[in-house]
2 protein chains.
Amino acid sequence: MTTTTISPIAPANARALPVLNDCCTPTSAMSDGDASLLAGMFKALADPARVKILSMLLNADEVCACDFSASIGKTAATTSHHLKLLRDVGLITGDRRGTWIYYRVIPERLAAIRDALALGQ
Amino acid sequence: MTTTTISPIAPANARALPVLNDCCTPTSAMSDGDASLLAGMFKALADPARVKILSMLLNADEVCACDFSASIGKTAATTSHHLKLLRDVGLITGDRRGTWIYYRVIPERLAAIRDALALGQ
DNA sequence: AATTTGTTTTGACAATCGTCGAATCAATGT
DNA sequence: ACATTGATTCGACGATTGTCAAAACAAATT
């Protein structure tokens, strides 16, 4: 059986995330590039439909793409759009096996977001 | 010297956050309300200007409101707008002492967001 | 090859969001 | 009282975003 990964393993977006603490002084903020990168990651999480998708993925090994639409109450087109946004920031990956595509969360990426929010020191 | 808190201590938004894992089955997503609440928190983080503000606050005890505008490169009006959004989700709090307002991060709130992103189990 | 089913892309639309100038409010000092 | 400086609110604008119907694409089956 052939299986084809939907998102490449190492997209440009897969580079390490900056962290909020230890980045700057009280009067000089994080750089523009780092702030945009981090904000982009949060943007990917900033929609109820995508939060629901992640909630399903975090409670299963993998989820068939065919199951998202009904669970989040959106059309297939809208669901596909949200899945793409999550793939583009490296948070999930899809794996086509025959007719269906199975999605998984990329735990390292989620952990990186958590680390970015670590309290100061 | 009088000090007045800009955001109330316990706004409606200060209620506990849902977590992504342990919320649902693989085929039934997180509830609408919980998903919107969580997405709202991430929305608050989903802008470079607000990320910069948080980066400053996480590297200092407190920051004078008067310092944000220059550091993030936005007008006072825009800066005030972003500060309000962060206050409204309970991530920061402002304290007026005489002429100036000093902002601090609310660490419990930041920790709650981190916890919401914990990996499944 | 033609059909069927699952998924993505395209195009269009309404709604939301970030931004700023101008006006307003708040506290202080003259 | 008045002027000054810091901060917020208001009103307007362009840009981005979420949504769906329709068209296009992909894999499997007849």
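Naming convention: chains lettered A, B, ... in sequence-line order (proteins, then strands); numbering from 1 in each chain.
- One can place CZ of Phe42(A) at 15 Å from P of dG18(C), the figure rounded to the nearest angstrom.
- In this structure, the nucleotide among dC17(C), dG6(C), dC20(C) sitting nearest to the side chain of Lys43(B) is dC17(C).
- Distance Trp100(A) CH2 to dT4(C) C1': 12 Å, rounded to the nearest Å.
- Ranking dA26(C), dG18(C), dT19(C) by closeness to the Arg96(B) side chain, first place goes to dA26(C).
- In this entry the distance linking CG of Leu86(A) with C1' of dT7(C) reads 16 Å, nearest Å.
- Between Cys66(A) and Leu85(B), it is Cys66(A) whose nearest contact on DNA chain C lies nearer the 5' terminus.
- The residue among Tyr102(B) and Thr75(A) whose nearest nucleotide of DNA chain D lies closer to the 5′ end is Tyr102(B).
- For Ala77(A), taking side-chain heavy atoms from C-beta onward, the closest of the listed nucleotides dG18(C), dA26(C), dT9(C) is dT9(C).
- Within 4.0 Å (heavy atoms only), Tyr103(A) reaches sugar-phosphate atoms of the nucleic acid but no base atom.
- For Arg50(A) (side chain) and Lys43(A) (main-chain N/O), a donor-acceptor pair under 3.5 Å exists by modelled atom type.
- Atom CZ of Phe68(A) is separated from atom P of dG6(C) by 15 Å (rounded to the nearest Å).
- The phosphate of dT5(C) (OP1 or OP2) has no side-chain N or O of Thr99(A) nearer than 4.0 angstrom.
- Here chain A contacts DNA chain D (any atom closer than 4.0 Å to a heavy atom, that is under 4.0 Å), and the contacts span dT17(D) to dA28(D) from 5' to 3'.
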